[in-house]
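See below for the structure under consideration.
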There are 2 protein chains.
Amino acid sequence: MDGLSIGQVAERTGLSVHALRFYEREGLLADAVRRESNGRRVYTEDDVDWLNMCIKFRSSGMPLDTIRKYTELVRKGAGNEADRLALLKSHQDYVRAQIEELNECLNVITWKVDIYQQHVDAGTADCLWVAPSTQTASEAS
Amino acid sequence: MDGLSIGQVAERTGLSVHALRFYEREGLLADAVRRESNGRRVYTEDDVDWLNMCIKFRSSGMPLDTIRKYTELVRKGAGNEADRLALLKSHQDYVRAQIEELNECLNVITWKVDIYQQHVDAGTADCLWVAPSTQTASEAS
DNA sequence: GTAGGAGCTAGACCGCGCTCTAGGTCAAGT
DNA sequence: ACTTGACCTAGAGCGCGGTCTAGCTCCTAC
């Protein structure tokens, strides 16, 4: 019962089987994947946990290259925890910066949405405010 | 004094001159850029405002293709404000979703950082918790 | 008059992160 | 026997968002 096929792992993680093989080739797996006698991959639950971690890294913008570096540290075993910590902290900062940036963008977008909403609601959509020269602050089209 | 060269716009927006020409080719500029008699581009402050808006769109993950669609709506002039509003709202949702996702990632990363921090602080970095089989919840390396 | 620097166009190229293809093995079902 | 389907490897291809090159025209300063 223990031991998952690549298809099962794909289903569980949301990664494609292609992506799973690709990640393995790229050295993103902490433990070498076991194989059945016929060469098929056998994944453990730990592999799935690790992949889910990688997915969190990826979807927060960590490049594959950095994930690989982290993976290598882990593979080397105990003794480099400070390095891992540094890498993680640096990514943490990066994610925070991203969130901040996105919030700024969201403010601008929301400001624009509100303006459009007002005009659409008021049925004044066809007024002159669209033309740059008549605007007060900026090209707000 | 009014009228900016491509280099000045690059400096002001942070985009490269290459990127500015590329954006223009891709149809991301609301107004056609004026040219001097010798063919050089002359940008207005409104162009810069528009570009800064595009930059906000881009850095919040809007694809160039969508920016182009928005630009086309604006170029068509008054009458399609509801369409523009829909596009903006949809992007607004997308940005909110991104922020949420990043916050989730940040939680996971922070959890990991804290664990490492504790162990590094305690000087117990070399203990067994690194090995998957000894862990309680997941492969937390 | 000539060297530098900024600009122009058209189009090739690049890095990233997958994704897909070709050509094959293997095991189970009918 | 044969089809189906999941898996394998090696390697090509792709979409996106730029970036860079080649070869040119200007203008300015020396």
Side-chain angles (χ1 to χ4, degrees), chain A residues 1 3-29 32-44 47-48 50-71 91 94 98 101 105, chain B residues 1 3-29 32-44 47-48 50-71 91 94 98 101 105:
Chain A
M1 192 72 222
L4 301 159
S5 73
I6 196 169
Q8 290 173 312
V9 174
E11 212 169 318
R12 250 167 242 226
T13 58
L15 294 168
S16 70
V17 295
H18 295 298
L20 283 169
R21 290 193 280 245
F22 170 69
Y23 277 20
E24 184 178 341
R25 276 210 300 276
E26 292 296 302
L28 305 189
L29 271 75
V33 180
R34 284 182 302 135
R35 301 292 183 124
E36 281 178 14
S37 52
N38 56 20
R40 297 188 173 198
R41 290 171 179 81
V42 182
Y43 293 83
T44 64
D47 290 329
V48 174
W50 177 265
L51 282 165
N52 281 328
M53 189 72 219
C54 289
I55 289 167
K56 286 291 178 205
F57 286 159
R58 278 295 303 125
S59 53
S60 53
M62 188 186 283
L64 293 186
D65 197 54
T66 306
I67 303 184
R68 177 168 33 240
K69 271 168 194 134
Y70 180 72
T71 307
H91 185 59
Y94 175 64
Q98 276 184 88
E101 164 112 51
C105 294
Chain B
M1 191 74 220
L4 301 159
S5 73
I6 195 167
Q8 290 173 312
V9 173
E11 212 170 317
R12 250 165 242 226
T13 59
L15 295 167
S16 70
V17 294
H18 296 297
L20 283 169
R21 291 193 278 246
F22 170 69
Y23 277 20
E24 184 178 341
R25 275 211 300 277
E26 293 295 303
L28 305 188
L29 271 75
V33 180
R34 284 182 303 134
R35 301 293 183 122
E36 280 179 13
S37 52
N38 55 21
R40 296 187 174 199
R41 290 172 179 80
V42 182
Y43 293 83
T44 64
D47 291 329
V48 174
W50 178 265
L51 282 165
N52 281 327
M53 189 72 220
C54 289
I55 289 167
K56 286 292 178 203
F57 286 159
R58 278 294 303 125
S59 54
S60 53
M62 189 187 281
L64 293 187
D65 198 52
T66 306
I67 303 184
R68 176 168 33 241
K69 273 170 193 133
Y70 181 71
T71 307
H91 185 60
Y94 175 65
Q98 277 184 86
E101 163 112 49
C105 293

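Per chain, numbering begins at 1; letters A, B, ... match sequence-line order.
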In this structure, how many angstroms lie between the P atom of C/dG5 and the CD atom of B/Q8, rounded? 18 Å

Mind checking if A/R21 touches a base, just sugar-phosphate, or nothing, with heavy atoms under 4.0 Å? base

In whole angstrom, what separates B/L20's CG from D/dG17's C1'? 14 Å

Under 4.0 Å from OP1 or OP2 of C/dG7: is there any side-chain N or O of B/S5 that close? yes

Please examine the side chains of A/E101 and A/C105, heavy atoms only from C-beta on, and report whether any two atoms are closer than 4.5 Å. yes

Quick check for you: among C/dT9, C/dA27, C/dC18, whose closest atom lies nearest to any side-chain atom of A/L64? C/dC18

B/F22 CZ to C/dG7 C1', straight-line distance once rounded to whole Å: 20 Å

Nearest to side-chain heavy atoms of B/R40, which nucleotide of D/dC8, D/dG17, C/dA6: C/dA6

Are any of B/R35's side-chain N or O atoms less than 4.0 Å away from OP1 or OP2 of C/dT9? yes

Under 4.0 angstrom, heavy atoms only, what part of the nucleic acid is B/R58 near: base, sugar-phosphate, or nothing? sugar-phosphate

Give me the atom names and distance for the closest heavy-atom approach of A/L15 to A/L51. CD1-CD2, 4.1 Å

Closest nucleotide among C/dT21, C/dG7, D/dG11 to the A/H18 side chain: C/dT21

Distance in angstrom units between A/I67 CD1 and C/dC18 C1', rounded: 13 Å

Take the protein atom OH of B/Y43 and the nucleotide atom P of C/dC8, then report the distance between them rounded to whole Å. 7 Å

Regarding B/E26 and B/R58, does a basic nitrogen lie under 4.0 Å from an acidic carboxylate oxygen? no

Determine: side-chain N/O of A/R68 to OP1/OP2 of C/dC16, distance under 4.0 Å, yes or no. no

Once the angle between the rings of A/Y70 and A/W50 is folded into 0 to 90°, is it parallel (under 30°), tilted (30 to 60°) or perpendicular (over 60°)? parallel

Name the closest nucleotide to the B/Y23 side chain, picking from C/dG17, C/dA27, D/dG18. D/dG18

May I have the distance from B/L15 (atom CG) to D/dG18 (atom C1'), rounded to whole angstrom? 11 Å

The nucleotide from D/dG18, C/dC18, D/dA10 with an atom nearest the side chain of A/R25 is D/dA10

A/L51 CG to C/dG17 P: how many Å, rounded? 16 Å

Please report the distance, rounded to the nearest Å, between CG in B/L28 and C1' in D/dG17. 11 Å

Given C/dC8, D/dG17, D/dC8, the nucleotide with the shortest approach to the side chain of B/I6: C/dC8

So A/R34 and A/R41, side-chain contact (heavy atoms from CB on, under 4.5 Å) or not? Walk me through it. CA-CA 6 Å; A/R34 284 182 302 135; A/R41 290 171 179 81; over 6 Å; no

